[in-house]
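Note sheet for the following structure.
In the text below, chain A, chain B and the rest are named by the order of the sequence lines, each starting its count at 1.
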2 protein chains.
Amino acid sequence: MQISELARRTGVPVATVKYYLREGLLPAGELTGATRARYDETHVERLRLVRALLGPGGLSVATARTVLAAVDAPGTAVHEALGAAHRALPGVGPGDPPDLDRAHAVLDRRGWRVAADSPALRALAAALAALDAAGQPPGDDLLDRYAEAAGRIGEQDVADVPTGSLQEAVRFVVVHTVLLEPVLLALRRLAQEDASGRRFCGGC
Amino acid sequence: MQISELARRTGVPVATVKYYLREGLLPAGELTGATRARYDETHVERLRLVRALLGPGGLSVATARTVLAAVDAPGTAVHEALGAAHRALPGVGPGDPPDLDRAHAVLDRRGWRVAADSPALRALAAALAALDAAGQPPGDDLLDRYAEAAGRIGEQDVADVPTGSLQEAVRFVVVHTVLLEPVLLALRRLAQEDASGRRFCGGC
DNA sequence: AATATTGGGCACCGCCACTATCCAATCAGG
DNA sequence: CCTGATTGGATAGTGGCGGTGCCCAATATT
């Protein structure tokens, strides 16, 4: 198929498909002439993935390129792919390294072992600092409850990773890491809404 | 204090403080003359809150304005404040209303009652659609596990809301709704990292 | 009185995700 | 084979966002 059909089948404007090609989010089609290129089903699939990462996944084009590079690298081990995805995700800039002590303490209480330079660790520390700044420092019990719930989920995420093909596993990890975040946040809000209705509205 | 001291104490550039004043994120100081205004501790506190919402909270200026308006409205009930915060949070545009059936099914299995037009419900449906588009449709068991973990958290969030002052409760709800999201996401990533290390790296 | 600072307003900047236009090459229809 | 439409590729432009720089008259400080 040509670029116009690729665009039509995915609902993405042709100019945008060209943009993704330029940005390296989408592999080039097979050139059949100086002004013709052929695309196939893998391009359709990839384009849908790109749109999912950029839209609901909330990734920037630059971030998506890095994440997809990990998906494409042939020999990437699953643990490395997860690390690559985590590293690529919008993290905390190198500005003012936050206080990692409380974040470490939460991890220690659960017995989690993570890399000392884990971006998620810095993100957690930064988020805790923001709560302090907002005048609502979280208690250890609250953090532990959050950590327990997160632990359940993270454990399950990893247990679900398929063992068949490495390619498949890496793709699974990246997609689930990124696209289940909005699912989790939406479910939390729904749970809050339900609980709030019961506590403050008598079921509304 | 004057604007320069407000800026100095919070580490925010003066021009940016002026911008927040223009945008209505920060209430105007008390005018003491045509070119003087006085700010107090409430402004320092509010400015820190604004920075926390805009930075780690990930809100846009427009969203933060809406959320803060709910905080400021005097008679807002807690349930309304939560709703206002949820409605203001970056949701799904009115484009292509997603299929709500699967989202409803998850909620029904947990017995949650939420508004039919809940933005979180639409967000959930959109996120599920994105997973489908990415070729990794989530199974019901996965969704149920996520919902269970989210339920634990949301329940606790609501139970923690202080009952003393309404103002205090509303502020608590807004801050916790917004700023615990990055905490939850960071903890999930850390749990994944820990679990991945144990499963795929033998503890690395 | 001289100097420095302030509040307020407006214009401007850099970044980002597209989007529009142009061009030569090429394909399809007649 | 000729003609007109379409394509790939490149370049430039757009609109929104979150600030940022600059200027001015008015005011405080010295």
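- Taking a cutoff of 4.0 Å between a charged side-chain nitrogen and a carboxylate oxygen, B/R9 and B/E41 qualify as a salt bridge.
- A/D101 and A/H104 share no donor-acceptor pair across their side chains, judged by distance under 3.5 Å alone.
- A search for side chain to side chain donor-acceptor pair (under 3.5 Å) contacts involving B/T177 returns nothing, not counting sequence neighbours.
- In this view, A/R65 and A/E23 satisfy the salt bridge (Lys or Arg N to Asp or Glu O under 4.0 Å) rule, not counting sequence neighbours.
- Residues meeting the salt bridge (Lys or Arg N to Asp or Glu O under 4.0 Å) test with B/E168, sequence neighbours left out: none.
- With sequence neighbours excluded, the residues satisfying side chain to side chain donor-acceptor pair (under 3.5 Å) with A/Q192 are B/H86, B/D157.
- What separates OH of B/Y39 from P of C/dT6 is a distance of 11 Å, to the nearest Å.
- The outermost nucleotides of DNA chain D lying under 4.0 Å from heavy atoms of chain A, listed 5' to 3', are D/dT6 to D/dT11.
- Remark: A/L54, A/S60, A/V61 in residues 51-71 of chain A come within less than 4.0 Å of DNA chain C through at least one heavy atom.
- For B/A123, the side chain to side chain contact (heavy atoms under 4.5 Å, CB included) partners are A/A186, B/V92, not counting sequence neighbours.
- Mapping B/T16 and A/L31 onto DNA chain D by nearest heavy atom places A/L31 closer to the 5' end of the strand.
- The CD atom of A/E23 sits 10 Å away from the P atom of C/dC16 (whole-angstrom rounding).
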Sugar-phosphate atoms are those with a prime plus P, OP1 and OP2; base atoms are the rest. Using that split, label each nucleotide of nucleotides 20-27 of chain C B, S or - for protein heavy atoms under 4.0 Å, 5' to 3'. -----BSS
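- In the model, A/Y20 has a side-chain atom that pairs as donor or acceptor with a side-chain atom of A/R51 under 3.5 Å.
- For the ring pair (Phe, Tyr, Trp, His ring centres under 6.0 Å) test, no residue two or more places apart in sequence or in another chain qualifies with A/Y146.
- The two residues B/R199 and A/D160 have their closest heavy-atom pair at NH1-N, 4.5 Å.
- A heavy-atom distance below 4.5 Å is found between the side chains of B/R102 and B/D132.
- For the salt bridge (Lys or Arg N to Asp or Glu O under 4.0 Å) test, residues two or more places apart in sequence or in another chain that qualify with A/R171 are A/E45.
- Stem analysis of DNA chain C (at least three stacked-register Watson-Crick or G-U pairs, each with both distances under 3.5 Å) gives C:1-30 with D:1-30.
- With sequence neighbours excluded, no residue forms a salt bridge (Lys or Arg N to Asp or Glu O under 4.0 Å) with B/R48.
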